[in-house]
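Here is how names work: the chains are called A, B, and so on, in the same order as the sequence lines, proteins then strands, and each is numbered from 1.
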There are 2 protein chains.
Amino acid sequence: MNQPITAADKTYIALRDDIVEGRIEAGSKLSETELSTKFAVSRAVIREAINRLESCHIVERKANVGARVVALSPQGLIELYQVRESLEGMAARLAATNMTDEEIADLGALLQSHFDEVKGGESYYQEAGDVDFHYRIILGSKNKHLISMLFDGIYHLVRMYRVQLGMAGPRVTTAYDEHKHIVQAILNRDAELAEMLMRRHILYSKNSIEHKLS
Amino acid sequence: MNQPITAADKTYIALRDDIVEGRIEAGSKLSETELSTKFAVSRAVIREAINRLESCHIVERKANVGARVVALSPQGLIELYQVRESLEGMAARLAATNMTDEEIADLGALLQSHFDEVKGGESYYQEAGDVDFHYRIILGSKNKHLISMLFDGIYHLVRMYRVQLGMAGPRVTTAYDEHKHIVQAILNRDAELAEMLMRRHILYSKNSIEHKLS
DNA sequence: ACTTGCTATATTGTCGACAACTTGGTGTTA
DNA sequence: TAACACCAAGTTGTCGACAATATAGCAAGT
């Protein structure tokens, strides 16, 4: 589903964005009839969209009762980052052996462009840049399950926390250094180290966020 | 969805079992109309069931074309076990800090009962016993995402590989020792070690299966 | 013979209506 | 007043029909 084909695809994306960006507030109930009029599609389409949102753990459904948007909590964020640490650590490990030399070179180039931005003090682009960095490594793992779990599953939730609890970096410059070391480890084809560094990177990121919440 | 409520629930489970147990063969196409007559429900119900199967990566769907059961391959099995290693390793780590003393005691009792079975040479029950062991540790992690990813997502696929490529143990007695050491680490609240041992345990298991396939 | 374009057919996607269920409220009874 | 049964309104679950799309086969042209 790289680009949406069916009405259900488009509705799923639109609804997901509404939730992630906070236009539909966390914890609120999703009425099928209401949404079907809002998006001008039949309830069947809304139902399919909600089912997909349930697979990403963005909504929770109970039979014969309905669907609610998940509630955000510090505990939930911690659990999310535990899973991220685990999966992205493995992704980095696999990337160290499975990425082609060319892909690694591209990754290095991306890092260089980030360095230029950081030097110029553009912390906004760093946000998207960080995401892009992680994307490439996850894709570099060449592991279908890993890729889909992170992209289709966890990343939307991470983004939801980011947007709604309002966390645009900083940690920009230090994150850059961590990225650099990870790329170096991948370049050296050191799977063990790449995993370790990625896990640390995400752990630090979690700690930084936790600190900001308290 | 501990026990099925709606027709979609039941159909999902029935269809899933048919696929996992091999009564519907891997790689084959799923016709909605055909299945709706077979299970005596409407196409809407079949559609929901297929959507759920897609979330567990048991079937793949293409818009306007249809759904196919995934094809099993050695490569696919390896990727699956890489994810398992990552997630269950984290589960063991978290279980070491989050399980209650009582839960750990129960786990020890389970292990003891396995020991008796192994001594008696009942390798059949060991199969279910192994699953049960892993279940408890995953639950012990108390991490919602981890739990649902493994139970709702990966375990059905693992079972599908087990059944269709016909792997009833052995590795029974050695696996028992590994389980014992993991429980010991959890008992000592040694998260680091528990993760390491669980990852090794799954890695060995993967190697054993790979060896059998070649 | 090979390609191109069309048609026929079958399959999936979408819709509106009906059935089953949950929930909150009302009235009755001890 | 408390407890229970029941009813009514609204929501979700399920169904059958129709619309849109893909695929295979055939026909025509080069």
Side-chain angles (χ1 to χ4, degrees), chain A residues 1-19 23-71 148 152, chain B residues 1-19 23-71 148 152:
Chain A
M1 212 234 305
N2 249 345
Q3 66 223 43
I5 307 286
T6 67
D9 291 339
K10 295 169 198 160
T11 306
Y12 161 67
I13 292 177
L15 184 54
R16 190 190 65 197
D17 285 351
D18 275 359
I19 293 174
R23 289 184 290 277
I24 295 177
E25 68 181 340
S28 63
K29 185 167 187 320
L30 294 179
S31 160
E32 294 181 358
T33 53
E34 185 183 329
L35 291 173
S36 80
T37 61
K38 172 176 174 183
F39 288 101
V41 291
S42 80
R43 266 186 58 225
V45 172
I46 295 291
R47 253 161 155 306
E48 179 164 342
I50 290 181
N51 279 334
R52 292 196 208 171
L53 288 172
E54 193 189 10
S55 322
C56 337
H57 304 266
I58 288 179
V59 310
E60 289 169 346
R61 264 181 68 187
K62 270 197 300 188
N64 288 314
V65 174
R68 307 194 76 87
V69 179
V70 293
S148 106
D152 303 337
Chain B
M1 212 237 301
N2 249 345
Q3 65 224 44
I5 307 287
T6 69
D9 291 340
K10 294 170 199 161
T11 306
Y12 160 67
I13 292 177
L15 184 54
R16 192 189 63 197
D17 285 350
D18 275 358
I19 293 173
R23 288 184 290 276
I24 295 177
E25 68 181 339
S28 63
K29 186 171 187 319
L30 293 179
S31 160
E32 293 182 359
T33 53
E34 186 183 330
L35 290 173
S36 81
T37 62
K38 172 176 172 182
F39 287 102
V41 291
S42 80
R43 267 184 58 227
V45 172
I46 295 291
R47 252 159 159 302
E48 180 164 342
I50 289 180
N51 279 333
R52 292 197 208 170
L53 288 172
E54 193 189 10
S55 326
C56 343
H57 305 265
I58 287 180
V59 310
E60 290 168 345
R61 265 181 70 186
K62 269 196 301 189
N64 288 313
V65 174
R68 305 194 78 86
V69 179
V70 294
S148 106
D152 303 337

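- Taking OG of A:S31 as the reference point, atom NZ of A:K38 lies at 11.0 Å (rounded to 0.5 Å).
- If you take CG on A:L15 and CD1 on A:I24, they are separated by 5.0 Å, rounding to the nearest 0.5 Å.
- Taking atom CD1 of B:I46 as the reference point, atom C1' of D:dG13 lies 15 Å away to the nearest angstrom.
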Please encode protein proximity along nucleotides 9-14 of chain C as a string of B, S and -, counting only heavy-atom distances under 4.0 Å.
--SBBB

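- Rounded to the nearest 0.5 Å, atoms OG (B:S42) and CZ (B:R47) are 10.5 Å apart.
- From B:H57, atom NE2 reaches atom CG of A:D152 across 7.0 Å, with rounding to the nearest 0.5 Å.
- Looking only at distances, a side-chain donor or acceptor of B:R68 sits under 3.5 Å from a matching main-chain atom of B:G27.
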